[in-house]
Amino acid sequence: MAAKKEVGEGKFSLNKVLVYLFLITGSLVSLFPFYYMFVMATRLNREINSVPPPFTPGTHLVENFQKVTSNIDFFGAMWNSFFVSTTITIGTLFLCSLAGYTFAKLEFRGKNVLFVMILVTMMVPPQLGLIPQYYIITSLGWLNDFKALIIPGLINAFGIFWMRQYIKESVPFEMIEAAKIDGCSNFRIYWNIVVPMTLPAFATLGIIVFMHVWNDFLWPLVVLRDPSMHTLQVALRALNDSRQMDYGMIMSGTFWATVPLLIVFLLFNRLFIQSLSEGAVKS
């Protein structure tokens, strides 16, 4: 019996080692594009175009970034992106969690039909709504205004679906019924019970929304005309307008535009992983 147990433990250890090797390899492959972007951000054009190409960082990171700031208002565009992304993320978390709580725990006529209609909108490519959405924004006089970015992005079907599923599984009906017996309103139940119990779902949705808004290019390009109001992705496009492509400068701007996303993920990765792992266990 002892021998069999040792063999079983050996197999388990071997499987565990193989899994970790696979995960480490996958992580390195995933991180390589970001690493090589950093390498290019520290090199000059002649070094990038050399054969074989360099795979180690150079010494021109500051010089390339100075070229970026001399061509565009990098920090102003970064502030615009941060303001728009943060505002949309906070609004989305509040509105989508409210809608998710409504669909998960409240009963009203037509609830399932309305929820299905919301899910159907996820199948429609966002590019199809570009022209009618632009017409509405123009009619409201919101062109070249942050309202054109913020208000249409405050709620989305995926956010409602995500919060509805998480709240449905994580918040017991018994706790809500007990709160109603104690005289709590629906909003107080949401604020004092649902929100504290679903913080991992908030973190996950917040990361997804923040990254999506931060990286959005097409819609800000359409509605923002004034360069002083450009978000970071739109401002970086100006680096491609020169006749000679300076890849070191372009990669430097792209690299520093990616750093805030890494910081946001590192700040909330524990709740993000907790949310995904809880969902996997419950399913």
Side-chain angles (χ1 to χ4, degrees), residues 30-49 53-92 126 130 137 142-154 206-269:
S30 301
L31 290 174
F32 180 76
F34 182 78
Y35 168 75
Y36 195 65
M37 178 174 64
F38 173 73
V39 171
M40 294 179 69
T42 61
R43 296 281 185 168
L44 297 177
N45 252 11
R46 64 176 181 270
E47 297 173 331
I48 295 172
N49 294 324
F55 289 97
T56 56
T59 59
H60 301 281
L61 179 63
V62 176
E63 178 183 343
N64 285 331
F65 186 65
Q66 287 175 344
K67 294 179 184 177
V68 173
T69 55
S70 64
N71 281 276
I72 62 173
D73 183 12
F74 182 84
F75 293 105
M78 178 174 282
W79 166 252
N80 292 339
S81 288
F82 180 78
F83 171 74
V84 172
S85 300
T86 303
T87 305
I88 292 178
T89 300
I90 294 173
T92 299
L130 192 65
I137 294 300
W142 289 353
L143 278 181
N144 205 38
D145 195 314
F146 286 143
K147 291 196 292 289
L149 300 180
I150 294 173
I151 294 179
L154 285 178
I207 291 174
I208 293 173
V209 172
F210 188 90
M211 292 179 63
H212 172 75
V213 178
W214 184 274
N215 291 323
D216 192 16
F217 171 75
L218 180 60
W219 184 241
L221 177 66
V222 171
V223 297
L224 297 180
R225 309 281 179 81
D226 187 353
S228 65
M229 301 191 68
H230 281 173
T231 57
L232 194 52
Q233 305 304 325
V234 178
L236 289 175
R237 184 183 69 94
L239 300 179
N240 298 327
D241 290 342
S242 59
R243 293 182 180 179
Q244 183 179 0
M245 299 285 287
D246 190 337
Y247 294 106
M249 177 183 65
I250 295 172
M251 288 299 104
S252 178
T254 306
F255 171 78
W256 291 111
T258 309
V259 169
L261 297 181
L262 296 178
I263 295 174
V264 169
F265 180 78
L266 291 175
L267 288 175
F268 299 101
N269 68 330

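The model shown is predicted, which means the values in this text are computed figures rather than measured ones.
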Visitor: Go through the steps to decide whether Ile137 and Leu143 satisfy the test side chain to side chain contact (heavy atoms under 4.5 Å, CB included), and finish with yes or no.
Guide: CA-CA 6 Å; Ile137 294 300; Leu143 278 181; 4.2 Å; yes
Visitor: With sequence neighbours excluded, what pairs up with Gln66 under the side-chain hydrogen bond (donor to acceptor under 3.5 Å, both in side chains) test?
Guide: none
Visitor: Show me the donor-acceptor pairs, under 3.5 Å and distance only, between side chains in residues 212-219 and residues at least two apart or in other chains.
Guide:
unit_1	atom_1	unit_2	atom_2	d
Trp214	NE1	Ala257	O	2.9
Asn215	ND2	Met211	O	3.1
Trp219	NE1	Ala148	O	2.9

Visitor: Please verify the inter-ring angle class for Phe82 with Phe210; under 30° counts as parallel, over 60° as perpendicular, anything in between as tilted.
Guide: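 Because their plane-to-plane angle is over 60°, the rings of Phe82 and Phe210 count as perpendicular.
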Visitor: Looking at residues at least two apart in the chain, or sitting in another chain, which of them share a side-chain contact (heavy atoms from CB on, under 4.5 Å) with Ile263?
Guide: Val259, Leu267
Visitor: Can you tell me how far CG of Leu239 sits from NZ of Lys67, rounded to the nearest 0.5 angstrom?
Guide: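 That separation rounds to 11.5 Å.
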Visitor: Side chain to side chain donor-acceptor pair (under 3.5 Å): which pairs involve residues 68-89, sequence neighbours left out?
Guide: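 Matches after skipping sequence neighbours: none remain.
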Visitor: Phe65: which residues meet the ring-ring contact (aromatic ring centres under 6.0 Å, His included) condition with it, sequence neighbours left out?
Guide: Phe74, Phe75, Trp256
Visitor: Can you name the residues that form a side-chain contact (heavy atoms from CB on, under 4.5 Å) with Ser228, not counting sequence neighbours?
Guide: Asp226
Visitor: State whether the side chain of Tyr35 and the backbone N or O of Phe55 hold a donor-acceptor pair below 3.5 Å, judged by distance alone.
Guide: yes
Visitor: Would you say the side-chain atoms of Arg43 and Ser252 include a donor-acceptor pair closer than 3.5 Å?
Guide: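 Not at all, the side chains of Arg43 and Ser252 share no donor-acceptor pair under 3.5 Å.
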Visitor: Which heavy atom of Arg225 sits nearest to which heavy atom of His230, and what is that distance?
Guide: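 Where Arg225 meets His230 most closely, the heavy atoms are O-NE2, 3.8 Å.
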Visitor: Rounded at 0.5 Å granularity, tell me how far CE in Met251 sits from CG in Leu61.
Guide: 13.5 Å
Visitor: Using a 4.5 Å cut-off on heavy atoms from C-beta on, say whether the side chain of Pro220 contacts that of Gln233.
Guide: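 The answer is no, as the side chains (C-beta and beyond) never meet within the 4.5 Å cut-off.
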Visitor: Show your reasoning for whether side chain to side chain contact (heavy atoms under 4.5 Å, CB included) applies to Ile48 and Val39.
Guide: CA-CA 9 Å; Ile48 295 172; Val39 171; over 6 Å; no
Visitor: To the nearest 0.5 Å, what is the distance between CD1 (Ile72) and CE (Met78)?
Guide: 9.5 Å
Visitor: Considering all heavy atoms of both residues, which atom of Ile250 and which atom of Met245 are nearest to each other, and what is their separation?
Guide: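 Scanning both residues, the minimum pair turns out to be CD1-CE, 3.7 Å.
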Visitor: Identify, with sequence neighbours excluded, every residue that meets ring-ring contact (aromatic ring centres under 6.0 Å, His included) alongside Phe255.
Guide: Phe34, Phe38
Visitor: A side-chain contact here means heavy atoms from C-beta on lying under 4.5 Å apart; do Met37 and Thr258 qualify?
Guide: yes
Visitor: Between CG of Leu44 and CG of Asn64, what distance do you get to the nearest 0.5 Å?
Guide: 6.0 Å
Visitor: Taking side-chain hydrogen bond (donor to acceptor under 3.5 Å, both in side chains) as the test, write out the residues that go with Asp145, two or more places apart.
Guide: Lys147
Visitor: Once side-chain hydrogen bond (donor to acceptor under 3.5 Å, both in side chains) is applied, do any residues pair with His60, and if so which ones, sequence neighbours excluded?
Guide: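 If we apply the side-chain hydrogen bond (donor to acceptor under 3.5 Å, both in side chains) test to His60, skipping adjacent residues, the hits are Glu63.
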Visitor: Is it true that, when you exclude Tyr247 itself, more than 12 heavy atoms of the residues, nucleotides or ligands shown sit nearer than 6.0 Å to its OH?
Guide: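 For Tyr247, atom OH is not crowded (no more than 12 foreign heavy atoms under 6.0 Å).
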Visitor: With sequence neighbours left out, write down each residue that passes side-chain hydrogen bond (donor to acceptor under 3.5 Å, both in side chains) with Arg46, or none if nothing qualifies.
Guide: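 Testing Arg46 for side-chain hydrogen bond (donor to acceptor under 3.5 Å, both in side chains), a comparison that skips the adjacent residues, returns none.
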Visitor: Got a sec, which pairs hit salt bridge (charged side-chain N to carboxylate O under 4.0 Å, His left out) with one end in residues 247-258, sequence neighbours left out?
Guide: none
